[in-house]
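What you see is a predicted model, and the numbers here were worked out from it, not measured in a lab. Starting from 1, each residue takes its place in the sequence as its number.
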Amino acid sequence: GSFYENELLTTVRGNNNASLLQQGMELFEQGNYQAAVEYFDQVDDPNLQAEAAYAAGHSYYNLGQFPIAAENFATVMDSNDPRYVEKSELFYLISALAADQTDNARFNEVLNQMLENEEHLHHQEALNIQKKLNSFWRKF
């Protein structure tokens with residue numbers, strides 16, 4: 001009986017960040033983004049937060065909630081987690097574009113930094129985004 005009670009307490013205490021992340025990922029892979037987000041948003045372990053925010057960003061993007069997606073990717077950029085920072089910068093730009101936030105100071109700062117850094121994982125995509133923006137403004 002005591003094992004069962006301990007097991008229950010751990011679950012109720014809800015400190016199992018890895019399992020929250022795992023469950024969220026499984027739902028994400030099934031295309032159930034709304035449910036996935038509810039798991040990702042509960043992750044509060046600093047070591048897993050960048051990963052959770054990155055996954056949440058993709059979930060919100062797939063739900064068409066672009067401003068919240070952009071916020072999540074910005075959170076990952078601020079985490080300085082080397083595994084996700086450059087990827088998040090790209091998806092932040094894509095989400096901000098979709099959310100119509102291209103006049104945002106942060107958007108331009110991130111885009112310019114990616115354009116200047118030829119070593120950036122997504123330097124080429126940044127060039128493509130810049131081209132798209134320029135051709136968009138030329139229409140006016």
Side-chain angles (χ1 to χ4, degrees):
S2 65
F3 173 76
Y4 175 78
E5 284 157 21
N6 292 344
E7 186 60 30
L8 194 64
L9 279 178
T10 0
T11 318
V12 172
R13 230 177 269 131
N15 266 341
N16 201 344
N17 281 278
S19 130
L20 286 171
L21 195 55
Q22 186 57 46
Q23 283 172 282
M25 288 299 187
E26 282 164 21
L27 290 160
F28 181 88
E29 278 158 23
Q30 292 159 18
N32 193 345
Y33 306 116
Q34 192 60 61
V37 151
E38 287 163 27
Y39 284 97
F40 296 142
D41 286 347
Q42 289 178 61
V43 174
D44 55 10
D45 177 338
N47 299 314
L48 298 173
Q49 256 173 326
E51 196 174 343
Y54 183 73
H58 283 287
S59 302
Y60 283 117
Y61 188 89
N62 281 290
L63 289 166
Q65 297 181 27
F66 306 121
I68 307 176
E71 267 170 49
N72 274 280
F73 290 123
T75 299
V76 185
M77 291 171 353
D78 295 336
S79 77
N80 294 323
D81 185 318
R83 296 169 303 166
Y84 297 102
V85 169
E86 294 198 347
K87 287 193 272 191
S88 289
E89 287 172 337
L90 174 65
F91 289 112
Y92 165 76
L93 292 182
I94 293 172
S95 302
L97 270 170
D100 209 15
Q101 295 174 344
T102 52
D103 51 356
N104 186 313
R106 181 107 203 231
F107 178 88
N108 290 297
E109 181 190 316
V110 174
L111 179 59
N112 289 330
Q113 178 244 311
M114 286 171 74
L115 291 168
E116 283 161 23
N117 175 8
E118 290 180 14
E119 299 300 304
H120 196 289
L121 192 61
H122 296 294
H123 178 69
Q124 190 54 53
E125 286 95 327
L127 289 171
N128 295 341
I129 287 172
Q130 189 189 38
K131 269 191 212 120
K132 217 173 270 172
L133 287 171
N134 289 342
S135 66
F136 174 73
W137 289 115
R138 256 188 241 114
K139 286 182 193 136
F140 285 99

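Using a 4.5 Å cut-off between side-chain heavy atoms of Ile, Leu, Val, Met, Phe, Trp and Tyr, with links allowed through other members, L115 and L121 fall into different hydrophobic clusters. V43 and I68 fall within a single hydrophobic cluster, where Ile, Leu, Val, Met, Phe, Trp and Tyr side chains are chained together by heavy-atom contacts under 4.5 Å. Hydrophobic clustering places M25 together with L20 (ILVMFWY residues linked when any side-chain heavy atoms are closer than 4.5 Å, directly or through intermediates).
Contact check for S88 versus V85: no side-chain heavy atoms found under the 4.5 Å cut-off.
The distance from the CG atom of L111 to the CZ atom of R106 is 13.0 Å, given to the nearest 0.5 Å. The distance from atom CG of L97 to atom CZ of F91, rounded to the nearest 0.5 Å, is 13.0 Å. Atom CG of N62 sits about 11.5 Å away from atom CG of N32, to the nearest 0.5 Å. With rounding to the nearest 0.5 Å, the separation of CG in D81 from CG in L48 is 10.0 Å. Separation of atoms CD1 (I94) and CD (E125) is listed at 7.5 Å; rounding is to 0.5 Å. Interatomic distance, N17 CG to Q49 CD, rounded to the nearest 0.5 Å: 8.0 Å.
E26 and Q22 share a donor-acceptor pair across their side chains, judged by distance under 3.5 Å alone.
By the side chain to side chain contact (heavy atoms under 4.5 Å, CB included) test, Q23 pairs with S19, Y39, sequence neighbours left out. In this view, H120 and E86, E89, Q113, M114, N117, H122, H123 satisfy the side chain to side chain contact (heavy atoms under 4.5 Å, CB included) rule, not counting sequence neighbours.
A ring pair (Phe, Tyr, Trp, His ring centres under 6.0 Å) with F28 holds for exactly one of Y33, Y54, Y60; it is Y33. For the ring pair (Phe, Tyr, Trp, His ring centres under 6.0 Å) criterion with H58, the lone passing option out of F40, F66, F73, Y84 is F73.
Counting only distance, with no hydrogens or angles, the side chain of N72 and the backbone of A56 share no donor-acceptor pair below 3.5 Å.
Nearest heavy atoms, Q34 versus L63: OE1-CD1, 3.6 Å. Looking at every heavy atom in both residues, V76 comes nearest to A50 through CG2-O, 3.5 Å. Closest heavy-atom contact between N108 and T102: ND2-O, 3.3 Å.
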